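Working notes, structure below.
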Amino acid sequence: MKQFGYFDDANREYVITNPATPWPWINYLGTEDFFSLISNTAGGYCFCKDAKFRRILRYRYNGVPMDAGGRYYYIKDGDTVWNPGWKPCKTPLDFYECRHGMGYTRVTGEKDGVKADVLFFVPIGHRCEVHRVRLTNQGKTPKSVQLYSFAEWCLWNASTDMENFQRNLSTGEVEIEGSVIYHKTEYRERRDHYAFFGANRPMDGFDTDRKTFLGMYNGFEAPQQVLAGTSGNSRAHGWSPIASHRFDLTLAPGATEEIIFVLGYVENKPEEKFSAPGVINKAKALHMMQAFATPAQVNAAFDQLKSYWDGLLGRFTVESDVPELDRTVNIWNQYQCMITFFFSRSASYFESGIGRGMGFRDSNQDLTGIVHMIPERARQRIIDIASTQFPDGGCYHQYQPLTKRGNNDIGGGFNDDPLWLIFGTVAYIRETGDFGILKEPVPFDNKPGTEVSLLEHLKISFKHVTDNLGPHGLPLIGRADWNDCLNLNCFSDNPDESFQTTENKTEGSKAESLMIAGLFVAEGKDFAELLERIGDSDAVDVKKAVAAMEEAVKKDGWDGEWFLRAYDYYGRKIGSDECPEGKVFIESQGWCTMARIGADEGLCDKALDSAVKYLECEYGLVLNNPAYSKFIKDYGEISSYPEGYKENAGIFCHNNPWVIIGEAMAGRAQDAWRHYQKITPAFCKDQSLRKVEPYVFCQMVAGKDAARPGEGKNSWLTGTAAWTWKAVSEALLGIKPQFDGLLIEPCIPIGTYHIRRRFRDAEYDLTIHYTGKKGGQFIPYRPGRQVLEIEL
Ligand code: GLC
Ligand code: GLC
């Protein structure tokens, strides 16, 4: 089996040793509001705040060849032209290595005695990428080489890049001063921001017009200027503005030349936009160039970035006898939680950055994966999300990060949405003890003057479910529940409309969801506990509603061996033994077992047994079984996918942790651990089959009914990150934050392990011996360090 790289745990890096990975293996740079996507061959792009409205580099999605465009360095050595990251020239290298680390990527290439070592990172406190390029002559004779940089601009609405280029091909403008190339398209009008790409030493040539640099009929792999060893010193007027610097270098044997490049973004006040008519005010850009003018400054900024991640990841660490577990928990799962929190589902190598914004349900789940690292960001996110809610508890399904306003671009009326606000807020308070957040005034639909407390928002979220019950007393599904593709009120037969946004026929609908029912019971129990803790008498009614829902599930939501999935528009069962296909679904088994509905009567154990029997395969648990083999108009998008993919019997990794947690709550350690190992990439043996990055979870792995079971897709931005974090940190390793302390209640068959856990102002140093006993140990919160040995 072909391997493309390995984990370097000591450095918290994944090291790629073969650039021809089965799919671009990417990393993310940035921690605040300037972000980059960077592949193992330095492809990708960056943006400030919003990948659609403040995109800086152009990118060609889903193109041929794959992953075209990025920040490329070309080295011309005699007749040979090569790139440190192999692409785009693909000249065979004598050595290649890409180290994806925490917020940085380092690409090293060697060819004919020249070594190029390029470090990319986004420094804290600055809106830029820093590229530190080091060229070393490893040979015994002097070398004369040329180094070219390359980046292509896109600082306009990135979606018009594909739709309105009749305009864009006329708007491009640049300025060049010293070694800095400024991109100022649309700056003359309403934009008060521009981008720049500069170097810390005088350049020997440049280009800003793509055609001059590449040649009309050449691709990135054969820029005519580089092939000729020249620069056109071109100035872009419209067409396609780029930035390329050229440096002519002579390297003595053993000598290293280091050039620092800064690719940045600047906003100016409207009254300070220009320094002279038509000339942009460059002060901020020059200031940023100055901040990274010397190697010492770059090293200091890089060290600061490293300490930032040391600080975050140091808040929870495990030491066990299972290296795959340790590296997932200590490094990659937490890192992915941060990235997913930053990006929601907006920009990845599967999400264009121009389509989806911040999801209401997604972001509430994502913040639970980072709240132990950056609680203040989680707090802000909760307020932002709640501010888009409607007075009746309903929600926009997403909001745009730049404006924080909700929109209906991917539909609305998903009846699970409101409950996730309770889920996110409870997780936040359990981690921080910040009950004060409940008193924060939060508007409806961002309208000033409509503010009520966050607690009121939670109450109406809860009420939104009880206000929308169906004929069996179960929650009406609305447009869809967590499964966006189970469209029971849609009935679309027009291939030109989207299942998500097509008007739903909700009137007269009997479509009810057992997934929402389980979510309601699980979150309702948490909510009641919160209300009791703050002395709010509404706890009584919440408990009553929860108890009624449990009864409704037991009465009409149980199919005999497992929990039903739903009732359709007409009140017919979905996810029942009486259905020819789609007999068993994962969502209701996960949520109803996490809610412990009917646990005393043995329903949870039976449901979990059924999940194992019908849903488990070699690579995880599939979403439904048997897969739908044909399109069913009454069910919508779920049956639009071929068998084994996405929501039609794919292994939708996001929901596997629900079963893992359900298993752990039922004390079934072996099952919980096995399910966890199957979806966790660090345990995966076949990188070629899995295809996507071996260091992050993906949304979906092809299920047992697919053509190639085990093939991963949609890596990085997925609720899987936060949910596997919850599963492993709380359910398996057993560190469960409570309102007033930590409950230690593991369920993992790995013997003794060691945990260091920062919790508020406390530092717990725990040695845990898990022997399989039921029940946990509660440690009340007390600031300071505590060293404990616990046997359970
Ligand atoms: C995607 C969406 C998420 C949804 C899931 C299942 O991951 O981002 O909101 O719950 O698909 O359809
Ligand atoms: C599609 C996808 C689903 C995603 C949704 C977002 O339906 O299958 O996973 O949540 O789009 O709009």
Side-chain angles (χ1 to χ4, degrees), residues 336 339-341 343-348 350-369 385 395-399 407-421 423-424 477-488 490 492 497-502 504 513 515-516 518-519 565-566 585-588 590-591 621-624 627-628 631 635-658 679 696-703 712-724:
Q336 187 178 0
I339 301 302
T340 306
F341 172 77
F343 285 82
S344 191
R345 307 294 171 270
S346 66
S348 74
F350 293 89
E351 305 275 9
S352 68
I354 58 183
R356 302 168 68 186
M358 314 294 286
F360 191 101
R361 84 153 80 86
D362 292 341
S363 292
N364 271 306
Q365 295 169 76
D366 296 343
L367 69 88
T368 66
I385 299 170
C395 318
Y396 288 111
H397 201 43
Q398 70 164 11
Y399 68 96
N407 64 58
N408 276 325
D409 293 357
I410 53 166
F414 295 82
N415 281 351
D416 64 315
D417 269 342
L419 288 173
W420 295 109
L421 187 62
F423 174 77
I477 201 166
R479 191 170 293 267
D481 59 23
W482 171 86
N483 189 336
D484 285 342
C485 301
L486 189 61
N487 312 121
L488 303 182
C490 178
S492 178
E497 62 190 20
S498 136
F499 289 104
Q500 317 280 308
T501 52
T502 297
N504 269 257
S513 159
M515 182 268 153
I516 304 182
L519 175 66
R565 176 61 177 89
F585 278 73
I586 197 168
E587 300 99 324
S588 40
W591 275 103
L621 299 145
V622 299
L623 190 145
N624 55 301
Y628 293 112
F631 179 62
Y635 296 176
E637 187 167 357
I638 189 169
S639 57
S640 74
Y641 289 113
E643 296 91 318
Y645 295 98
K646 292 278 287 179
E647 280 89 341
N648 186 17
I651 297 157
F652 215 90
C653 301
H654 187 150
N655 54 38
N656 276 235
W658 300 346
I679 59 159
V696 288
F697 290 95
C698 41
Q699 182 208 55
M700 201 267 309
V701 172
K713 281 201 190 105
N714 297 19
S715 51
W716 282 100
L717 305 183
T718 159
T720 314
W723 273 103
T724 43

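Note that ligands are numbered from 1 as they come in the structure, with each ligand's atoms numbered from 1 the same way. These values consider heavy atoms only, across backbone and side chains, with no hydrogens, waters or symmetry-generated copies. Note that the coordinates shown come from a computational prediction; the quantities given were computed from them, not determined experimentally.
Near Cys485, the atoms of ligand 2 lying under 4.0 angstrom from a non-hydrogen atom of the residue are 7 (O), 8 (O). The Asp484 neighbourhood of ligand 2 comprises atoms 4 (C), 5 (C), 6 (C), 10 (O), with distances under 4.0 Å to a heavy atom of that residue. Near Lys646, the atoms of ligand 2 lying under 4.0 angstrom from a non-hydrogen atom of the residue are 2 (C), 3 (C), 8 (O), 9 (O). Interface of Phe652 with ligand 1, defined as ligand atoms under 4.0 Å from a residue heavy atom, comprises 5 (C), 6 (C), 11 (O). Ligand 2 places these atoms under 4.0 Å from at least one heavy atom of Glu637: 1 (C), 7 (O), 8 (O).
Residues Met700 and Thr718 fail the side-chain proximity criterion, which asks for heavy atoms closer than 4.5 Å. Put simply, the side chain of Asn656 reaches to within 4.5 Å of the side chain of Ile586, judged on heavy atoms.
Here the protein heavy atom with the shortest distance to atom 8 (O) of ligand 2 is Tyr641 OH, 2.6 Å. Shortest contact from atom 4 (C) of ligand 1 to any protein heavy atom: Trp482 O, 3.3 Å. Among all protein heavy atoms, the one lying closest to atom 2 (C) of ligand 1 is Arg356 NH2, 3.4 Å. The closest protein non-hydrogen atom to atom 3 (C) of ligand 1 is Asp362 OD1, 3.3 Å.
Counting only N and O atoms by type, the side chains of Asn648 and Glu643 include no donor and acceptor under 3.5 Å apart.
When all heavy atoms of Cys485 and Tyr641 are compared, the pair lying nearest together is SG-CE1, 4.0 Å.
Comparing heavy-atom distances from atom 12 (O) of ligand 1 across Gln699, Met700, Met515, Glu647 singles out Glu647 as nearest.
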Subject >> Pair His654-Trp482, side-chain contact (heavy atoms from CB on, under 4.5 Å): steps then yes or no >> reply: CA-CA 10 Å; His654 187 150; Trp482 171 86; 3.1 Å; yes

**OP:** Report the C-alpha separation of Phe414 and Asp481 in whole Å, then their side-chain angles, then the decisive distance to 0.1 Å, and conclude whether the side-chain contact (heavy atoms from CB on, under 4.5 Å) test is met.
**Re:** CA-CA 6 Å; Phe414 295 82; Asp481 59 23; over 6 Å; no

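Here Arg361 has side-chain heavy atoms under 4.0 Å from ligand 1, and that is the only part of it that gets that close.
Between Asp417 and Arg479, none of the side-chain N atoms (NZ, or NE/NH1/NH2) sits under 4.0 Å from a carboxylate O, so this pair counts as no salt bridge.
For Ser513 (side chain) and Met515 (main-chain N/O), a donor-acceptor pair under 3.5 Å exists by modelled atom type.
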